[in-house]
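Here the structure comes first, spelled out in structure tokens, and everything after it is commentary.
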Amino acid sequence: MPTRTPITVAHGDGIGPEIMAATLHILREAGAQLDIETIEVGEKVYLAGNSSGIDPSSWASLRRTKVFLKAPITTPQGGGYKSLNVTTRKMLGLYANIRPCVSYHPFVRTKHPVMDLVVVRENEEDLYAGIEYQGTPEEILALKLITRPGSEKIIRYAFEYARQYKRKKVTCFTKDNILKMTDGLFHRIFDEIGPEYPEIEKEHWIVDIGAAKMADTPEAFDVIVMPNLYGDVLSDVAAQIAGSVGLAGSSNIGDQAAMFEAIHGSAPRRAGQNLANPSGLLHGALLMLVHIGQAEVAQRIHNAWLKTMEDGIHTYDIYEEGKSKQKVGTKEFAQAVVDRLGQKPQKLKAAEYSTTPMKPIKPSTKPAPKMELAGVDVYIEWPSKKPPELAAAIGKASGDGLTLEMIANRGVKVWPDGSPETFCTDGFRCRFLGASPTLKQTVALQDRIAALGLQITMTVNLRNFDGKSGFTLAQGQ
Ligand code: NAD
């Protein structure tokens, strides 16, 4: 008797219970070895007063099985309800979001007949760290946080995924022509790790033109890895242009646990009518089967599903008069897949999964660089908005090894030699530099600034690492 893998299942809301029943029926009939624990998440839990949509007791199941197959849920209207996806991602440390986007021409209508790409999105960092501050009446800041270990993990995951699924190319999207340090690090790590995968082609695109190319010519891409925000936007674009939102699945992978789901929502208007397409959740479940070492079962199901597509047995969302053969409901579609287990598609490319498990992603081993303090940026609220006046006022705090070097507004240098045309708001950044100042000297500087009656809104220490500047110059500096 093969060992069964424990998994946690949530049947969700709207069409969730129907597509989950269909998916589990196919998995069972294909011989997936699963030990299922069921939990309740979503609307009922929210409305019972739990703002996270999941009961504390359900975490015990997730921590035990570490594998979560989740049907879509409905987030009730109105404020105060936290996104269950974000909560699960953060609680379980699910750092990688994987979304394969494939078109099934000529069986499903699409503008891109040969599209077959996978978006690998970093899931925990970037602007999604949610670190925001209001500094002045006019100015609010958000921190874009990119770390070396976080970037190494996701980029290595993209390459391991490419190897596992016999993909030929990994593309990296960043905006490092502008964000030289954060996106620059992501790009640099891509260039560092890439050579460890000599059989895989590598390329980098600036995200704007890369996104345009992807929307226009998706067949030019294979696996695309990107930081969180670009990945969030572009994985939706990729899924949409592939054909139907009802078809794609996705996985969220962490070191300890993983979550698998359809990319679409709970489609409440279609609920309870045996109408919904279960394919998105089924594709999520296939990623799960590979993750838990049951790739052979995944391959059998995937090929039977491709054959069902080819045979024109379609749910309403992809049914097309003249092209499709039979319009079926959720249950009948699932049965059609079951009836084709053991068959392969004739025209579409057959699925081929490697049974060698994917290598675990190792943590970073790079030694910590040598750090040296170079100065401090002091953010000041200055309602009169006149840089020379501010320079005269704050310049009095220079001394004790730290000198006012420049003042910037919205990233642009406005003193010395600012351009009179530059529009200023009430938030200024005053940069003080010195020759290896101590932390104490930077703190004493802030005391002197406060004693001058100036309003400090934020300070950031300026540091060099291994002799290289750890901060950018202002525009125009
Ligand atoms: P949706 O994805 O539920 O529906 C968008 C459109 O696609 C609708 O016309 C729907 O009928 C159709 N559709 C979606 N899935 C389908 C399927 N499997 N088969 C056939 N047609 C399908 O998006 P929405 O209407 O914006 O959101 C509905 C609810 O789902 C909201 O409460 C939203 O918060 C939630 N939601 C949940 C998740 C999740 O749980 N991961 C993701 C997105 C939205």
Side-chain angles (χ1 to χ4, degrees), residues 8-26 39-47 51-54 58 68-90 92 94 97-99 101 104 108-109 121 123 232-233 235-252 258-288 305 308-309 313-320 324 327-334 336-337:
T8 301
V9 165
H11 289 257
D13 303 313
I15 58 169
E18 296 162 73
I19 60 173
M20 182 59 86
T23 298
L24 293 179
H25 172 56
I26 298 169
I39 60 168
E40 179 87 59
V41 297
E43 201 171 21
K44 269 198 223 134
V45 183
Y46 281 120
L47 295 177
S51 67
S52 64
I54 178 165
S58 299
F68 187 17
L69 181 62
K70 177 182 150 290
I73 59 149
T74 301
T75 312
Q77 298 286 313
Y81 301 109
K82 288 193 212 113
S83 154
L84 177 65
N85 266 358
V86 175
T87 307
T88 315
R89 228 181 271 154
K90 291 202 166 159
L92 299 178
L94 308 179
N97 178 225
I98 318 302
R99 191 182 278 192
C101 299
Y104 302 98
V108 180
R109 185 206 288 270
R121 164 191 171 192
N123 230 357
D232 188 5
V233 176
S235 59
D236 268 17
V237 173
Q240 182 66 36
I241 64 171
S244 162
V245 285
L247 295 182
S250 92
S251 61
N252 290 274
M259 174 170 80
F260 303 87
E261 60 183 346
I263 67 158
H264 59 74
S266 57
R269 284 192 311 123
R270 308 288 179 185
Q273 300 159 64
N274 190 39
L275 278 175
N277 189 345
S279 301
L281 186 59
L282 183 66
H283 278 119
L286 297 181
L287 294 166
M288 177 191 79
W305 181 86
T308 311
M309 286 289 112
I313 300 178
H314 295 163
T315 41
Y316 83 92
D317 55 315
I318 53 170
Y319 181 86
E320 219 181 317
S324 306
K327 193 192 268 185
V328 290
T330 315
K331 283 185 195 157
E332 295 73 25
F333 181 84
V337 176

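Note that ligands are numbered from 1 as they come in the structure, with each ligand's atoms numbered from 1 the same way. Small disclaimer: the values here were computed from a predicted structure and weren't measured. In this chain, residues are counted from 1 in sequence order.
Using modelled atom types, one finds a donor on one side chain and an acceptor on the other under 3.5 Å when comparing Asp317 with Thr315.
Under the rule for a side chain to side chain contact (heavy atoms under 4.5 Å, CB included), the partners of Glu332 that lie at least two apart in sequence or sit in another chain are Asn274, Val328. Residues satisfying the side chain to side chain contact (heavy atoms under 4.5 Å, CB included) criterion with Ser51, sequence neighbours excluded, are Lys82. Pro268 is linked by a side chain to side chain contact (heavy atoms under 4.5 Å, CB included) to Ser266, counting only residues two or more places apart in sequence or in another chain.
Within 4.0 Å of ligand 1, the residues that place a heavy atom are Ile15, Lys70, Pro72, Ile73, Thr74, Thr75, Asn85, Val245, Glu261, His264, Gly265, Ser266, Ala267, Pro268, Arg270, Ala276, Asn277, Tyr316, Asp317, listed by chain and number.
Proximity of a side-chain donor or acceptor of Thr74 to a complementary backbone N or O of Pro76 within less than 3.5 Å is not detected.
In this structure, His283 and Tyr104 have parallel ring planes: the angle between them is below the 30° cut-off, well short of the 60° mark.
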